[in-house]
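Beneath this line is the structure, given in structure tokens, with notes to follow.
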Amino acid sequence: LSNYLYGLTSVDLGSYVLGSWLGMFPGTFAYVSAGNVSKSVLEQTSGGAGGGDLPSLAPLIFGVGGTLLATTFISRIVMKTLKELDIE
């Protein structure tokens, strides 16, 4: 329903697609990374192949780092906007 309502706005298709893709990418990456980490944990606990080497931990490290950067960036934007509106 919300996508239909967004279609009624004056946002052009290119901006909508780009914004949608950028908005969905972090969540998709988080789900894929969580599945990969879960698989690695299950393989290690069951004695199967898998490892704690850097390539298998890279998605987790990238995901945590990206989350911290996004949280910091969004917090700064919100604080700046609140100061401009004189709301604290």
Side-chain angles (χ1 to χ4, degrees):
L1 180 63
S2 63
N3 284 336
Y4 176 73
L5 295 175
Y6 293 142
L8 299 175
T9 65
S10 62
V11 177
D12 63 303
L13 180 63
S15 297
Y16 175 75
V17 170
L18 180 64
S20 296
W21 184 80
L22 290 174
M24 289 184 274
F25 181 74
T28 302
F29 185 81
Y31 281 122
V32 171
S33 296
N36 186 28
V37 169
S38 299
K39 178 184 171 190
S40 296
V41 168
L42 288 174
E43 286 178 347
Q44 288 178 356
T45 58
S46 66
D53 55 346
L54 186 60
S56 66
L57 292 177
L60 178 63
I61 293 168
F62 181 72
V64 170
T67 301
L68 291 173
L69 287 173
T71 303
T72 303
F73 180 71
I74 292 170
S75 297
R76 288 183 181 178
I77 291 173
V78 169
M79 293 303 291
K80 180 181 175 185
T81 305
L82 289 175
K83 285 182 182 180
E84 288 175 0
L85 296 173
D86 290 330
I87 300 174
E88 293 184 9

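As a basis for the values below, the full set of heavy atoms in this structure was taken, side chains included, without hydrogen atoms, waters or symmetry mates.
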Do the side chains of I74 and L82 join up, straight or via other hydrophobic residues, at under 4.5 Å, putting them in one cluster? yes

How far does CD1 of I77 sit from OG1 of T72, to the nearest 0.5 angstrom? 11.0 Å

Rounded to the nearest 0.5 Å, what's the gap from CG on L18 to CG on L13? Could you check? 11.0 Å

Please give me the minimum heavy-atom distance between V11 and S15, naming the atom from each residue. CG1-CB, 4.0 Å

Pair L68, T71 - check side chain to side chain contact (heavy atoms under 4.5 Å, CB included), show working. CA-CA 5 Å; L68 291 173; T71 303; 5.8 Å; no

